[in-house]
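For reference, the structure discussed in these notes is given below.
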2 protein chains.
Amino acid sequence: MPPARKTALSSGSSSVQDYVKVIYAFTEWQDKPITSSQLAVRLGVANSSVSEMVRKLVELQLVDHRPYSAIELTGAGRRLALTMVRRHRVLETFLVQELGYAWDEVHDEAELLEHTVSDTFINRMAAKLGNPQRDPHGDPIPSADGTVHVPNAVQLEELDGGHTGRITRISDADADLLRFFSSEQIRLDDRVEVVGRRPFGGALVVRFGPTGSARELDLGDQAAAALWVHSDPHPGCLLAS
Amino acid sequence: MPPARKTALSSGSSSVQDYVKVIYAFTEWQDKPITSSQLAVRLGVANSSVSEMVRKLVELQLVDHRPYSAIELTGAGRRLALTMVRRHRVLETFLVQELGYAWDEVHDEAELLEHTVSDTFINRMAAKLGNPQRDPHGDPIPSADGTVHVPNAVQLEELDGGHTGRITRISDADADLLRFFSSEQIRLDDRVEVVGRRPFGGALVVRFGPTGSARELDLGDQAAAALWVHSDPHPGCLLAS
DNA sequence: CCCAATTTTTCGGCATGCCTAAATTTTGCC
DNA sequence: GGCAAAATTTAGGCATGCCGAAAAATTGGG
């Protein structure tokens, strides 16, 4: 008897889910596919572990991979990844809105729960929340059928002086950073203006808050990379025709 | 460096938690400690697996055990078990009250989640629910500090004809049975009267509902064992002086 | 173009938990 | 009390995922 034939789309083990999720997250921003060693770093495992697991993911038809080349999700892999992303973000939203968690507390809890909860559970949470489109950090929540609307934002880091915009996304990867943003009262949907950059690769100077009472602030590289901005059209930039 | 020294009270693996939970659940009703083979049946694993795991539980000082004799929880074991029971029952209550789950849907979901959630998560759920004393099946919810009030109920099965009482607890072990109770409109806190027993080990005849419009019903052994009743004092029984 | 540095894979090992089959110990019936 | 049946433990294996070390493939600088 064949061993209980996986529902194809269905979960896979907790490890499989993590691998697929990280591969997806990488591709979401970089346009290059992820390499074995980058995957190892992000998962905190040895390169050899990645090699083995990737072989398994190929068998499960979740990724495409030729030896010594980069790793790309298949359609099924992408669907699984989107399921995991949806779970994670619905959970985070629920923790904040219904259970009074703070911004910086939700990531780790969601990271654990996302592997365990049923689709029913997620969908009922989402329904209770009114099927929100984004989570507390501004990350888009894929719908149950797997569609996502990724807002076209850029990292604050990449904007030149003079640009203005609205914060649409704040990376939840580093809880300390989130606490820093909290303490500086930097929040989703705040307006922001890039003033300039301190010389010799120094901090980014930005202005936050309403145009009258704006606070000026120095942001280090990590902070500037964690903030994603929907940039307003700018005189010096004709890309947005 | 010693390997990340367990917080003593802290979780243990998912398997350890299940073993401890089943050992506890058994002792909650039977006054004899559980044997190896009974444990195997309840966990759905082979006897040999139990032997191995019990050795590990002894090492972890969660149970006491001499070879070939029964298995008993230590203080730490009981504390861990109560933590798990609390988690399970808070989860069940939350699923029913906040997410609109039905009675018979919650057990399996809670069974999975109880191993994954943090204490914070459980305590915030409990707080949101107003720190309930019992779950949707009437099972008592241990408080965060590990105190439980077990209502002194007996299985309906064990009552003789003529006894009356109130249903205080309905075992959630069998979802089909729960659906049966639902369809028969048998609910927590309903009054019940034992009419008698069909001859030759037959079904138990009981009467449910308000004294005027009561329905009479035959209950099989499994159904009668799943219903726990707080029995009223009875003329023929002088145990409650 | 070639060789050394880097990346990736393979190879043996470890830990967890489970299994079946084979001891071993206990129990209960006569 | 003895002996067979039942319960329990030990022994040897399997699957999953991880590791470090060693081998193999790729790469990039001279």
Side-chain angles (χ1 to χ4, degrees), chain A residues 1-6 10-23 26 30 32-72 80 84 111-112 114-116, chain B residues 1-6 10-23 26 30 32-72 80 84 111-112 114-116:
Chain A
M1 184 169 44
R5 178 112 173 66
K6 294 249 163 52
S10 140
S11 13
S13 75
S14 177
S15 281
V16 167
Q17 292 173 355
D18 278 336
Y19 275 78
V20 166
K21 207 180 60 168
V22 170
I23 297 168
F26 185 89
Q30 328 293 317
K32 302 276 175 196
I34 196 169
T35 66
S36 185
S37 49
Q38 287 168 319
L39 193 42
V41 170
R42 279 158 201 255
L43 284 163
V45 300
N47 288 321
S48 51
S49 307
V50 172
S51 270
E52 283 177 55
M53 183 57 96
V54 167
R55 193 184 314 131
K56 183 177 173 177
L57 294 177
V58 170
E59 263 170 40
L60 292 173
Q61 312 204 30
L62 293 170
V63 305
D64 289 327
H65 180 239
R66 302 190 335 273
Y68 296 98
S69 71
I71 299 149
E72 281 178 278
L80 177 55
M84 298 314 297
E111 198 78 13
L112 288 176
E114 65 188 12
H115 301 299
T116 307
Chain B
M1 184 169 44
R5 178 115 172 66
K6 295 246 161 57
S10 140
S11 13
S13 74
S14 177
S15 280
V16 167
Q17 292 173 354
D18 277 335
Y19 275 79
V20 166
K21 208 179 61 166
V22 169
I23 297 168
F26 185 90
Q30 327 293 319
K32 301 276 173 196
I34 196 170
T35 66
S36 186
S37 48
Q38 287 169 318
L39 193 42
V41 170
R42 279 158 201 257
L43 285 162
V45 300
N47 288 319
S48 53
S49 306
V50 172
S51 269
E52 283 178 53
M53 182 57 95
V54 166
R55 192 185 313 131
K56 184 176 172 180
L57 295 177
V58 170
E59 264 171 38
L60 293 173
Q61 310 203 31
L62 293 171
V63 305
D64 290 328
H65 181 238
R66 303 188 335 274
Y68 296 97
S69 70
I71 300 148
E72 282 178 277
L80 176 54
M84 298 314 296
E111 198 79 13
L112 288 176
E114 64 188 13
H115 301 300
T116 308

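First the proteins, then the strands, lettered A, B, ... as listed; each starts at 1.
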**Prompt:** Which letters describe nucleotides 13-18 of chain D, given B = protein heavy atom under 4.0 Å from base, S = only from sugar-phosphate, - = neither?
**Reply:** ----SB
**Prompt:** Which is true for B:S51 with a 4.0 Å heavy-atom rule: it touches a base, it touches only sugar-phosphate, or it touches nothing?
**Reply:**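 Base: the residue B:S51, judged by heavy atoms under 4.0 Å, touches a nucleobase.
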**Prompt:** Atom NZ of A:K21 and atom NE2 of A:H115: how far apart are they, to the nearest 0.5 Å?
**Reply:**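 The NE2 atom of A:H115 is 5.5 Å from NZ of A:K21, to the nearest 0.5 Å.
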Distance in angstrom units between [X] [atom1] and [N] [atom2], rounded:
{"X": "A:N47", "N": "D:dA24", "atom1": "CG", "atom2": "P", "value": "18 Å"}
{"X": "A:H65", "N": "C:dT8", "atom1": "NE2", "atom2": "C1'", "value": "8 Å"}
{"X": "A:I71", "N": "C:dT8", "atom1": "CD1", "atom2": "C1'", "value": "10 Å"}
{"X": "B:Q17", "N": "C:dG17", "atom1": "CD", "atom2": "C1'", "value": "15 Å"}
{"X": "B:R55", "N": "D:dT8", "atom1": "CZ", "atom2": "C1'", "value": "12 Å"}
{"X": "B:L60", "N": "C:dG17", "atom1": "CG", "atom2": "C1'", "value": "14 Å"}

**Prompt:** Can you list the residues that meet the side chain to side chain donor-acceptor pair (under 3.5 Å) rule with A:E52, with sequence neighbours excluded?
**Reply:**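 With sequence neighbours excluded, A:E52 shows a side chain to side chain donor-acceptor pair (under 3.5 Å) to no residue whatsoever.
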**Message:** I need the minimum non-hydrogen distance between B:F26 and B:K32, along with the two atoms involved.
**Reply:**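 Distance-wise, the nearest heavy atoms are CE2-O, 3.2 Å.
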**Item:** Closest contact, heavy atoms only, A:Q17 versus A:E114
**Value:**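 So the minimum-distance heavy-atom pair works out to OE1-O, 4.5 Å.
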N/O donor-acceptor pairs under 3.5 Å from side chains in residues 55-66 of chain B, not counting sequence neighbours:
{"from": "B:H65", "atom 1": "NE2", "to": "B:S69", "atom 2": "O", "distance (Å)": "3.0"}

**OP1 or OP2 of D:dT8 under 4.0 Å from side-chain N/O of B:S37** =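 For B:S37, the contact criterion (side-chain N or O under 4.0 Å from OP1 or OP2 of D:dT8) is met.
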N/O-N/O pairs, protein side and nucleotides 1-5 of chain D side, under 3.5 Å:
none

Show me the side-chain donor-acceptor pairs of residues 36-45 of chain A shorter than 3.5 Å, one per line, residues at least two apart or across chains.
{"from": "A:Q38", "atom 1": "OE1", "to": "A:T35", "atom 2": "N", "distance (Å)": "3.0"}
{"from": "A:Q38", "atom 1": "OE1", "to": "A:T35", "atom 2": "OG1", "distance (Å)": "3.0"}

**Asked** Got a sec, which residues hit salt bridge (charged side-chain N to carboxylate O under 4.0 Å, His left out) with B:E72, two or more places apart in sequence or on another chain?
**Response**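 Testing B:E72 for salt bridge (charged side-chain N to carboxylate O under 4.0 Å, His left out), a comparison that skips the adjacent residues, returns none.
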**All side chain to side chain contact (heavy atoms under 4.5 Å, CB included) counterparts of B:T116, not counting sequence neighbours** =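 So B:T116 forms a side chain to side chain contact (heavy atoms under 4.5 Å, CB included) with A:L112, A:L113, A:T116.
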**Message:** Is the shortest side-chain heavy-atom distance between B:S51 and B:V54 below 4.5 Å?
**Reply:**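 A side-chain contact is absent here, since even the closest heavy-atom pair is not under 4.5 Å.
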**Message:** To the nearest 10°, give me the bend of the helix from C:dC1-D:dG30 to C:dC30-D:dG1, comparing the axes of its five terminal pairs at either end.
**Reply:**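 Roughly 10° between the end axes, to the nearest 10°.
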What protein N or O atoms touch nucleotides 21-24 of chain C N or O atoms at under 3.5 angstrom, if any, and at what distances?
{"from": "C:dT24", "atom 1": "O2", "to": "B:Y68", "atom 2": "OH", "distance (Å)": "3.4"}

